[in-house]
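Some notes on the structure that comes next.
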Amino acid sequence: MITRKIEEYLRIALREAQSRGLLPEIDQIDLGIEKSRVPEADYSSTLPLRLARAAGSSPIDIANAIIVSAPKSEMIASIDVAGPGFINMRLSDVWLTSQLDVIAQNGDSFGGSNLGDRTKVQVEFVSVNPTGPLTVGHGRSAILGDVISRIMLASGYEVQREYYVNDTGNQVDLLGQSLRHHYLAAFGIDVPMPSAGYQGEYVREWAGEIIRDHADKYVDLSADEQTIIFVEHGIEIALKSIRDVLSEMDISFDNWFFERQLHNAGAIDEVISRLDSSGYVVRREGATWFTAAGRDDDGGNVLVKRTGDPTYLVADIAYHQDKFQNRGFMRVIDVMGADHHGHVPRMHSALEALGVEASALQYVLCQMVHVVVDGQPIKQSKRSGEFELLSELVADVGPEATRYFMLARDANSQMEFDIDLARNQTDDNPVHKIRYAHARIVSILRRAEQEGLLNQSAELGSLQSADIDLIRIMVRFPDIVNACARDLEPHHLPHFALELAGAFNSYYHSCKVISENQQITRDRLEVVGAVRQVLANCLSLMGIDAPDEMRR
RNA sequence: GCCCCCGUAGCUCAGUGGACAGAGCAACUGCCUUCUAAGCAGUGGGUCGUCCGUUCGAAUCGGACCGGGGGUACCA
């Protein structure tokens, strides 16, 4: 990572300045390294501004003390003081050129790191109740969870992707009863729909599937037997629907964890008694409540209902306790819709009560998605919305555009998904621009191969500023990936991809790669080959296909 | 009422306390005998919701307020 290298460089300069007596001995953890905002520099440090107060001298003087103490480095071409006390550094062309080899040698793993040091991390995402098809909003958290998993994996974590299936409780029961209603209605038997039953048209279709596969064989069963059967069929059909659309988007899981496993293993009772023995459980109004000692109850902490049924909360506590204390995850990242935010503090205090550090469980909450067609938002109606279902969105704009636009926004922000832009097969559409840039390079490399130009080794002596500027962008990629992994914010990836693709397209128009000049040709093939690699790696982290050609 | 998220260019959105706030789209002006014009070059466009505060320095941190959205179940 380049910022790390610059930090090392600057730290040496700082220590040297201190040992020369130019600066007082002050511990400064954060050197304030950032990509420079001015064109004259590549990277800047705000260290002098940060030190000024403690050192009791002006930022300019501090900057000068550091600059004169800076070691010779083949990476840094120049180091200057600027503005109110910035240290501005410019990368040397020689060093930048040498990074082409680094990119080529690292290949598909360029951008990755060992940040995670094999730490065992679980990413739990989607985990939508198996009671209906996935909506566009679910798609956002699915893509986010998938890409976070890819980023963590590339950053040296040992990642398990898990889907938690709530295959027991009220919601699946309601689905079963709703299916039973439609099923029996088809045979002329009128059983009322439960008041909170699932109203969507898909329930009728699913009942039709059951009739197609099993005809009337459930008609004569008792109501209890029917409910059990229809819950089973409902879960099965729902999971198939969910798996199908996720598979279209190339999203898969290492493990599907069924809530029933917990109940069957007695994990619910066990976790309640553990909480109880530590004084975190109270019983009142016929129910069993979780109470975080020393904290205000928020009133939503029922573990066991008056009916004797366990709540979702207690199952989720047992589930997460299992992740940390039985399955050995050091970190768990749960990606879910922001409508569940009220759940977060309860889970954290419950885990603390069980002796698990709350910070080990991180939530990534994503806000709603509004689909926009013809400039008009689609109504979020269960029935009318033509693009409400994820499967319909993917069928319309394709998995690449779906992923790109979902990723391009910070999870904390609500977003509008512009169908018209995503459908667009022209340069107006960023995802096309990026994939096209990749295909364009492959096309150049293909031609170079046909002409036998790829076997000759490049000396890289002919590179111009246009070539170097492309490398300048590419060397930032590992820092981008690192920031995504650190902050669990993948939205930097699409922006970087667009910047690199745009820079390449510009380069392509001003610099001919394959020309009569063999030396320039060889050198530029190295440059565009590196651009292809970095674009491919960035797209791969986003789960977007990097095509070898684009066809009209 | 209380809790969470958001408010940055006409639109959609980036922007680890630092220098003149950026991108894409839209608008306008140019560019196809050339490795894919599915593209490029350029122009215009801003009280960073408002007001206080912290700081050498605030779009960024704190508080209040104003807008928009979501949550506030013995549902999950």
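Letters A, B, ... are given to chains in the order of the sequence lines, protein chains preceding strands, and every chain is numbered from 1. Since this is a predicted model, take the numbers as computed values, not measurements.
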Main chain of [Y], side chain of [X]: is a donor-acceptor contact present, judged purely on distance under 3.5 Å?
X      : Y      : result
A:S349 : A:P345 : yes
A:D410 : A:N412 : yes
A:R435 : A:P547 : no
A:S178 : A:L174 : yes
A:T521 : A:S515 : yes
A:H495 : A:H491 : yes
A:R524 : A:K512 : yes
A:D167 : A:F258 : no

Flag for [Y]-[X]: side-chain donor and acceptor within less than 3.5 Å:
X      : Y      : answer
A:N129 : A:T131 : no
A:D487 : A:H492 : no
A:T135 : A:H138 : yes
A:S58  : A:D61  : yes
A:S36  : A:D42  : no

Between atom [atom1] in [X] and atom [atom2] in [N], what is the gap in whole Å?
X      : N     : atom1 : atom2 : value
A:R423 : B:C25 : CZ    : C1'   : 17 Å
A:L303 : B:A76 : CG    : P     : 12 Å
A:K433 : B:A41 : NZ    : C1'   : 12 Å
A:E516 : B:C35 : CD    : P     : 12 Å
A:I473 : B:A23 : CD1   : P     : 13 Å
A:I268 : B:A76 : CD1   : C1'   : 14 Å
A:H509 : B:C35 : NE2   : P     : 11 Å
A:N505 : B:A37 : CG    : C1'   : 11 Å

Taking every heavy atom of A:M542 against every heavy atom of A:L493, the minimum-distance pair comes out as CG-CB, 3.8 Å
Worksheet entry | Over all atoms of both residues, closest heavy-atom pair of A:A318 and A:I268 |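 Smallest heavy-atom distance, with atoms named: CB-CD1, 4.2 Å.
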Original post:
Considering residues at least two apart in sequence or located in another chain, which fulfil the ring pair (Phe, Tyr, Trp, His ring centres under 6.0 Å) criterion with A:Y319?
Top reply: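 Counting only residues at least two positions away or on another chain, A:Y319 forms a ring pair (Phe, Tyr, Trp, His ring centres under 6.0 Å) with A:Y164, A:F257.
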Name the nucleic acid region contacted by [X], choosing base, sugar-phosphate or nothing; use a 4.0 angstrom heavy-atom cut-off, strictly under.
X      : value
A:C511 : base
A:S510 : nothing
A:P84  : nothing
A:A287 : base

Every protein N/O lying under 3.5 Å from an N/O of nucleotides 28-33 of chain B:
none

message = With a cut-off of less than 4.0 Å, is there a side-chain N or O of A:K305 near OP1 or OP2 of B:A73?
response =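 Answer is no, no contact under 4.0 Å.
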Side-chain N or O of A:T46 versus OP1/OP2 of B:A19: is the shortest distance under 4.0 Å?
no
With sugar-phosphate taken as primed atoms, P, OP1 and OP2 and all else as base, the protein-contact string of nucleotides 10-17 of chain B at under 4.0 Å (heavy atoms; B, S, -) is --BSSSB-
By nearest atom, which of the nucleotides [options] is closest to the [X] side chain?
X      : options             : answer
A:Y508 : B:C35, B:A19, B:A76 : B:C35
A:S506 : B:A38, B:G69, B:A41 : B:A41
A:Y312 : B:A19, B:A38, B:A76 : B:A76

- Nearest-nucleotide wise, let me know which of A:A41 and A:I514 is further upstream toward the 5' end of RNA chain B.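 It is A:A41 whose nearest nucleotide is closer to the 5' end.
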Legend entry - 5' precedence on RNA chain B between A:L421 and A:A82 (nearest-nucleotide basis):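 Looking at RNA chain B, the more 5' nearest nucleotide goes with A:A82.
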Between A:H438 and the options A:E549, A:Q533, A:R532, the side chain to side chain donor-acceptor pair (under 3.5 Å) test singles out A:R532
* Mind checking whether A:H340 and A:Y363 have ring centres under 6.0 Å apart? ->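 No, they do not, as the ring centres are separated by 6.0 Å or more.
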Roughly how many Å apart are [M] and [N], using the [atom1] atom of each and rounding to a whole number?
N     : M     : atom1 : result
B:G45 : B:U55 : P     : 37 Å
B:C31 : B:C48 : P     : 38 Å
B:U34 : B:G17 : P     : 50 Å
B:G71 : B:A37 : C1'   : 50 Å
B:G63 : B:G46 : P     : 32 Å
B:U16 : B:G7  : P     : 12 Å
B:C28 : B:C5  : C1'   : 37 Å
B:U72 : B:G62 : C1'   : 26 Å

**Item:** Base orientation of B:C32, syn vs anti, 90° cut from 0
**Value:**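 Nucleotide B:C32 adopts syn.
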- Item | Lys NZ or Arg CZ of A:R440 over A:F504 ring: under 6.0 Å, within 45° | no
Expected list for residues 440-449 of chain A near RNA chain B, using heavy atoms below 4.0 Å, is A:R440, A:S443, A:I444, A:R447
**OP:** Output the residues of residues 163-172 of chain A in contact with RNA chain B, where contact means a heavy atom of the residue under 4.0 Å from an atom of the strand; sort by number or write none.
**Re:**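 The stretch gives A:N166, A:N170, A:Q171 as the residues lying under 4.0 Å from the strand, ordered by number.
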Quiz prompt | N/O donor-acceptor pair, side chain A:H340 with base B:G71, under 3.5 angstrom | solution = no
### Side-chain donor/acceptor contact of A:N88 with base of B:A19 under 3.5 Å
yes
- Item | Identified stems (criterion: three or more consecutive Watson-Crick or G-U pairs, under 3.5 Å), RNA chain B |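 So the stems come out as B:1-7 with B:66-72, B:10-13 with B:22-25, B:27-31 with B:39-43, B:49-53 with B:61-65.
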Stacking here means centres under 5.5 Å and planes under 30°; does A:F86 stack on B:G18? no
